[in-house]
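Quick note on labels: first sequence line is chain A, next is B, and so on, each numbered from 1.
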Amino acid sequence: MIRFHNTLGGRTEDFVPMEPGRVRLYACGPTVYDFPHIGNWRANVFEDLLKRFLIYRGFQVVHVQNITDVDDKTIKGARARGLSLDDYTRPYIEAFFAERDALNIRPADHYPRATGHIPEMVGIVKALLDKGFAYRKDGSIYFAIDRFPAYGRLSRVNLEDRRPGSRGDADEYEKESVHDFALWKAPKADEPVWETEIGPGRPGWHIECSAMSAKYLGPSFDIHCGGVDNIFPHHENEIAQSEAANGVKFVNYWLHCHHLVVDGQKMAKSKGNFYRLADILARGYDPLDVRVLLLSTHYRKMLNFTFEALDQAVTARRRIGDFLGELGAVPAGAAGDAAVGPLVEAARAGFVAGLEDDLNIAEALAALFTLIKSVNPLLVEGRVSRAGADVLAAFVEEADAVLGFKPSPTHKASGRIDARSEVMGTAEVLKAEDQARIDERQRARAAKDFARSDAIRRELLERGIILEDTKDGVRWKRVAPQKP
RNA sequence: GGCGCGGUACCCAAGUGGCUAAGGGAGAGGUCUGCAAAACCUCUAUCCGUCGGUUCGAGUCCGACCCGCGCCUCCA
C-alpha cells in the first residue's frame, strides 16, 4: 500500500485513488517571468519521482501542470521591456521545457496556460458571484472568505492570529476584509485587459489553477503538489474557490515539497548563492547528477545544496554506471553458480517498500546500493552467469524507470570485454579519432612506452573519456571533461 | 506573536520501542595493476543537540531547554 503525507490533515495516509488504477495529478507550474532556478527544479523533480513511481506501480497517471503567463510579475516585466506578454514569456517557457528534458523529467499530459483559459476562469468567478461567495468592489471581484467556513483547514491557521506580512497589502485594491483575495482585477492602465461577461479586467493569481484543474481533471481529483510556500495562501485559496463553486471536495491528497537552500541559506540573488541549472552545467556537471542530488533528499526535508554534495552525487551515480559496466563485461557464455534471483528480489522489495512509504528515496536507493555491494564480490570471483547479469541489469533498468538518472555504463574499447551496453539501451559509440588514440595507447603499452600511454590517457580524460585497463582489455566511460 | 520543519559518524542521509545504528561520499591500510582507475577485503558513531522522565528496554515515547531554518498574501 502506498502511503503519502497529506498536508490536509497533516498525517501520513494510505493512498487510494478516486478511480481504481487511475491517478489524476495536478502540479503547480512555473510563473514564466524569469528562468527557472534549481529550487523550482527540486519541486519538479519531486513531482516526477511521484509520477514515475505511480506509473511503476501500475497506475495510469493524468498529469497537468499549469503555466502562469499572466500575473503581476509577467505584466511588469513585459512592460519594462516594451514587449507583449506573449513575447516576454516565450523564452522562459522554452527554457522551462528544455531544462525539464535535460533533467529527464517526464512531460505532463497538459500544460495549460493562464492566458488560454480566461473563459474557464470567468465561469468560476460567475458561479462564485451567483452563489454569494464573491462580491464586486470598484470593478474588481473578491472572494469573501468569511462565507467559506472551511477556510484555513489546509494551512491550519486562524486568521485572527495571522499578522499581516511586512510588505502589507500589495494588491492596491479595496477589499471588505484584509484576508479576502482577488478573483478578478479591475482594468488598470498599462495592464492587459480581457473583455468578459463579468466585466473587463484580468484574472487574480489563484483562479487559474481552479479553472484549469477542473477543465483537465474534473472538479475533484486525487493529488495536488507544489512547494510548501504555496500552502498559504495559494492552495488555501484554490480550495476555497473550487469547493465553493463546485460544491464537491477539491483534492484528496496535498503533497508539498520543502525548499532548497544553498549553503544553509535561502537562495537570493543578493547573496550570490542563486543558481539556475545553466550555472551548474557551466561548471561541467551533468544535468542527471543534479537530478540525483535533488532527488536524494526526502521531499519533505529541506535540501541544502552545496557543490560538495553535488560532487558526492556524481560519484554515487557513477558507481551505478560502473556496476552496469561490470555486468556488461560478463562474457557471453559465462556460467556462474551465484543465485542472483533472491538478491534481486530483496532489492526490489526494499526499493518498493521505501518508495511506498511516502517516497522514502533514501531507503529505496539503499536497497539498490546494497544489491550492488553484494553482487560486486560475486563478479570479482566470476560467479555471475551471463543470464544472471542480464537479470541484474534488467533490475537496474527497472529501478531507473522510477529514478531516471542511470549513467552510461563503461564500454569495451578493445580486448575481449563483451560490452552489452546495447542490451541496456545506452549504446554509445566512440568517435573514430578517440578509438584510434586508444589503439595507439595499447601499442605504446605493449612497447612499454608508459610515458606515451599516460599522456594519451590524460588527453582523453580532458575530452571526458576515462580509460581503465583490465586483464580482459581496455574499457572506457563517459564523464564530464576534466580540466588538465 | 501564530503555524511548521530539522539537529544521527569528517560530509550527505535512513531508521521512530527491542538482535551487532541502513546506504552513499570522503579518509586509512591491503589485494589486483607498469602506473592509474574500477572492483574487492579490513578499519572509521558504546552512540544518535542538552537535561530530566516513562519503560524490563528509547535516536525511537513524554516534558523542559539549547541551536539552526522555513512560512505568515511575490516565491517551488
Nearest-angstrom distance, [atom1] atom, [N] to [M]:
N	M	atom1	value
B/C65	B/G59	P	23 Å
B/C62	B/G17	P	11 Å
B/U16	B/U8	C1'	12 Å
B/U50	B/C67	P	15 Å
B/A21	B/A64	C1'	27 Å
B/A14	B/G70	C1'	23 Å
B/G7	B/G15	C1'	15 Å
B/U33	B/C11	P	37 Å

Describe the nucleic acid contact of [X] in one word from base, sugar-phosphate, nothing, applying a heavy-atom distance below 4.0 Å.
X	answer
A/His234	nothing
A/Gly226	sugar-phosphate
A/Arg441	base
A/Ser453	base
A/Asn376	sugar-phosphate
A/Leu379	nothing

Ignoring hydrogens and angles, tell me if any N or O in the side chain of A/Asp400 forms a donor-acceptor pair with the backbone of A/Leu403 under 3.5 Å. no
Given 3.5 Å as the limit, does a donor-acceptor pair link the side chain of A/Asn304 with the main chain of A/Gly264, or not? yes
Collect all protein-nucleotide pairs involving nucleotides 23-26 of chain B in which both atoms are nitrogen or oxygen and the distance is under 3.5 Å.
| unit_1 | atom_1 | unit_2 | atom_2 | d |
| --- | --- | --- | --- | --- |
| B/G23 | OP1 | A/Lys373 | NZ | 3.2 |
| B/G24 | N2 | A/Gln312 | OE1 | 2.7 |

For a quick test of reading the model, state the closest non-hydrogen atom pair linking A/Pro91 to A/Phe35 and the distance between them. O-CE2, 4.1 Å
Taking every non-hydrogen atom, the tightest pair across A/Arg441 and A/Asp469: NH2-OD2, 2.9 Å
Length of the line joining [X]:[atom1] and [N]:[atom2], which is rounded to integer Å:
X	N	atom1	atom2	answer
A/His235	B/G4	NE2	P	19 Å
A/Met302	B/C69	CE	P	9 Å
A/Leu154	B/G2	CG	P	21 Å
A/Tyr299	B/C5	OH	P	13 Å
A/Leu355	B/A22	CG	P	21 Å
A/Asn66	B/A76	CG	P	10 Å
A/Arg100	B/A76	CZ	C1'	17 Å
A/Asp34	B/A76	CG	P	11 Å

Does [X] make a side-chain donor-acceptor contact with the base of [N], cut-off 3.5 Å?
X	N	value
A/Asp229	B/G70	no
A/Arg457	B/A37	no
A/Asp469	B/C35	yes
A/Arg300	B/C5	no

Using Watson-Crick or G-U wobble geometry with both distances below 3.5 Å, tell me the partner of [N], or none.
N	answer
B/U20	none
B/A38	none
B/C43	B/G27
B/U33	none
B/G57	none
B/C71	B/G2
B/G63	B/C51

Closest to the [X] side chain, choosing from [options]:
X	options	value
A/Glu468	B/A76, B/C74, B/A37	B/A37
A/Ile466	B/C74, B/A37, B/C35	B/A37
A/Lys477	B/A38, B/A76, B/A14	B/A38
A/Val380	B/A13, B/C74, B/C40	B/C40
A/Arg475	B/G6, B/C40, B/A38	B/A38
A/Pro377	B/C41, B/A38, B/C35	B/C41

Should the pair A/Arg283 and A/Phe307 be classed as cation-pi, given the thresholds of under 6.0 Å to the six-membered ring centre and 45° from the axis? yes
Distance check, rounded to the nearest 0.5 Å: A/Thr370 atom OG1 versus A/Phe351 atom CZ? 13.0 Å
Interatomic spacing from CD1 in A/Ile67 to OG1 in A/Thr31 - rounded to 0.5 Å: 10.0 Å
Which residue lies more 5' along RNA chain B, comparing A/Asp454 with A/Asn44 via nearest heavy atoms: A/Asp454
Specify the residue among A/Val261 and A/Tyr33 whose closest nucleotide of RNA chain B lies further upstream toward the 5′ end. A/Val261
Salt-bridged, A/Arg457 to A/Asp454, with N to O below 4.0 Å? yes
Where does B/G59 fall, syn or anti, if syn means a chi angle no more than 90° from 0? syn
Partners of A/Arg52 by salt bridge (Lys or Arg N to Asp or Glu O under 4.0 Å), sequence neighbours excluded? A/Asp48
Going by atom types only, do A/Asp439 and A/Gln435 share a side-chain donor-acceptor pair under 3.5 Å? yes
Please check the phosphate of B/G15 (OP1 and OP2 only) for any side-chain N or O of A/Asn360 closer than 4.0 Å. yes
Any chance the rings of A/His235 and A/His256 have centres within less than 6.0 Å? yes
